[in-house]
Amino acid sequence: MELAIKLIFAQVGIDQIIDTGAATSQSIAEGWDKQWLDLLQNNTSNNLYGALTNLGIFFAVGTLLFFMIQFLKDLISYEYTRPISALIWPFIVVVLLSNSGNGSILSNLTLGVRNFLNTVNQQVVVSADADKIYQQALNMSVAEEVAGSFLRPCQSLTGEQQSQCFVKAAEKVNVLWQRYRNIYGNKSWINRLQTKVDNIRYGTGIVSETSFNSLLGSTVQTSIKNFLVSLQYAFQNLIEATMLLIAALGPIAVGGSLLPVAGKPIFAWLTGFLSIGIAKISFNIIAVLTAAVIVNGPGQNANVDPDLMWFIIFLGILAPILSLIVAAAGGFAVFSAISSTASLVKERI
């Protein structure tokens, strides 16, 4: 779920803000997709992934000595029963690290798992966010800052100058309300915010600082919201970067899997990769469900004036922490299941 809401409101037009934000979001998503393909499939003989694959092969050759010592030991102790089953590991390592120049089997499998996780994530987002609930909740949270960036300069003026300033600012803000209606329909929260702006615009005399700040909030609060919105976008990009990093380290994990230890590095690597995918999906589920509470609750009541600062804090700090906790628990369960299955297969073969 990539949304980009830029809070640089006073310098550019509303249309440009929304359109540029959407274009930036799409460009970032496409940039990550291209980076995955460039790393895992395009010219893997000479790029970073190719170098790490060579390093993985070096590890595999080095750990093969330990594997053969353990294999001969088991051959003497178990009379061919367990040693034969252990021979599958060298075969798996050779197959996965074979690099044709356009991606190894490991890189193609890694990219396939990533695409599968992204497909599941997209299905979750589309099914739970059919009415753009997440976008609505986020826009509800920052819309007053949008209006405030236009109206705040008028606070220092008086008399006719202030009235003219409010008129010009309200005309610009009305463009935003219309864009919101074009996207989301005629929602109650849009009408409520427009009414608040109109009350200031058509008010008589000097607008008090108290009533003005009840709509606009403080500059500090605006800065905090800017920071927290950027923080949750940073977390989403961090998740993508972490998945790419783990994917790049796959050949090293595979190369070290010939070590005669119970917990194979490839299992830990696969668990880490799946855990980051779980974190990504969990964050989006948490964000959409929380947004639904706002949109379907105070967002439907024009008489309610909620303080949605908690939602921005939740998205920027608490939701990432919660999604990482869920991913850690899920990763532990996945690792335990993989290890138990591997042990069971080893005993049966």
Side-chain angles (χ1 to χ4, degrees), residues 1-9 17-18 20-22 24-26 28-29 32 117-118 120-149 176 180 183-184 187 189-190 193 217-243 275-300 304-330:
M1 182 185 303
E2 296 288 347
L3 303 172
I5 299 183
K6 304 297 182 182
L7 300 185
I8 312 172
F9 303 118
I17 293 170
I18 296 177
T20 301
T24 302
S25 174
Q26 182 65 26
I28 291 175
W32 280 116
L117 292 174
N118 274 0
V120 173
N121 179 67
Q122 189 64 27
Q123 289 175 346
V124 168
V125 171
V126 170
S127 60
D129 197 28
D131 296 325
K132 299 182 180 179
I133 291 176
Y134 178 75
Q135 294 183 42
Q136 283 195 62
L138 203 55
N139 280 317
M140 284 176 62
S141 303
V142 300
E144 291 188 356
E145 273 63 36
V146 180
S149 65
L176 177 66
Y180 281 166
I183 298 173
Y184 309 122
K187 300 295 183 180
W189 63 270
I190 302 175
L193 291 174
S218 65
T219 304
V220 174
Q221 181 174 334
T222 301
S223 299
I224 292 174
K225 283 189 175 183
N226 271 301
F227 173 75
L228 292 175
V229 169
S230 298
L231 194 62
Q232 63 108 357
Y233 292 137
F235 175 75
Q236 292 180 2
N237 282 279
L238 178 63
I239 288 290
E240 200 70 36
T242 304
M243 287 187 70
S275 296
I276 295 300
I278 293 174
K280 183 177 183 179
I281 295 172
S282 298
F283 176 82
N284 287 330
I285 293 175
I286 295 168
V288 171
L289 292 180
T290 308
V293 172
I294 295 174
V295 174
N296 297 328
Q300 300 295 331
V304 175
D305 189 12
D307 182 6
L308 298 180
M309 186 67 182
W310 70 268
F311 178 63
I312 301 297
I313 295 174
F314 186 84
L315 284 183
I317 300 176
L318 301 181
I321 293 175
L322 181 57
S323 63
L324 291 177
I325 292 174
V326 172

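By convention here, the first residue in the shown sequence is residue 1.
At a threshold of 4.5 Å between non-hydrogen side-chain atoms, the residues T290 and F311 count as touching. The side-chain heavy atoms of K280 and N118, taken from C-beta on, include a pair separated by under 4.5 Å.
In this structure, N237 CG and T242 OG1 are separated by 10.5 Å, a value rounded to the nearest 0.5 Å.
Across Y134 and A287, no two heavy atoms sit closer than the pair CE1-CB, 3.5 Å. Among all heavy-atom pairs drawn from A279 and I239, the shortest one is CB-CD1, 3.9 Å. Nearest heavy atoms, L193 versus A143: CD1-CB, 3.5 Å. Nearest heavy atoms, I312 versus L138: CD1-CD1, 3.8 Å. Contact record, I190 with Y180: CD1-CB, 3.5 Å, taken as the closest heavy-atom pair. Contact record, I281 with N121: CA-OD1, 3.7 Å, taken as the closest heavy-atom pair.
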Take M309 and I313 through the test side-chain contact (heavy atoms from CB on, under 4.5 Å) and record every step on the way to the result.
CA-CA 6 Å; M309 186 67 182; I313 295 174; 4.1 Å; yes
Residues Q300, W189; criterion side-chain contact (heavy atoms from CB on, under 4.5 Å); working and verdict
CA-CA 7 Å; Q300 300 295 331; W189 63 270; over 6 Å; no
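Side chains of Q236 and Q232: a donor on one and an acceptor on the other come within 3.5 Å. For the 3.5 Å distance criterion, the side chains of N139 and Y184 qualify, holding a donor opposite an acceptor.
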Donor-acceptor list for residues 314-330 side chains, cut-off 3.5 Å, not counting sequence neighbours:
unit_1, atom_1, unit_2, atom_2, d
S323, OG, A319, O, 3.1
S323, OG, P320, O, 2.8

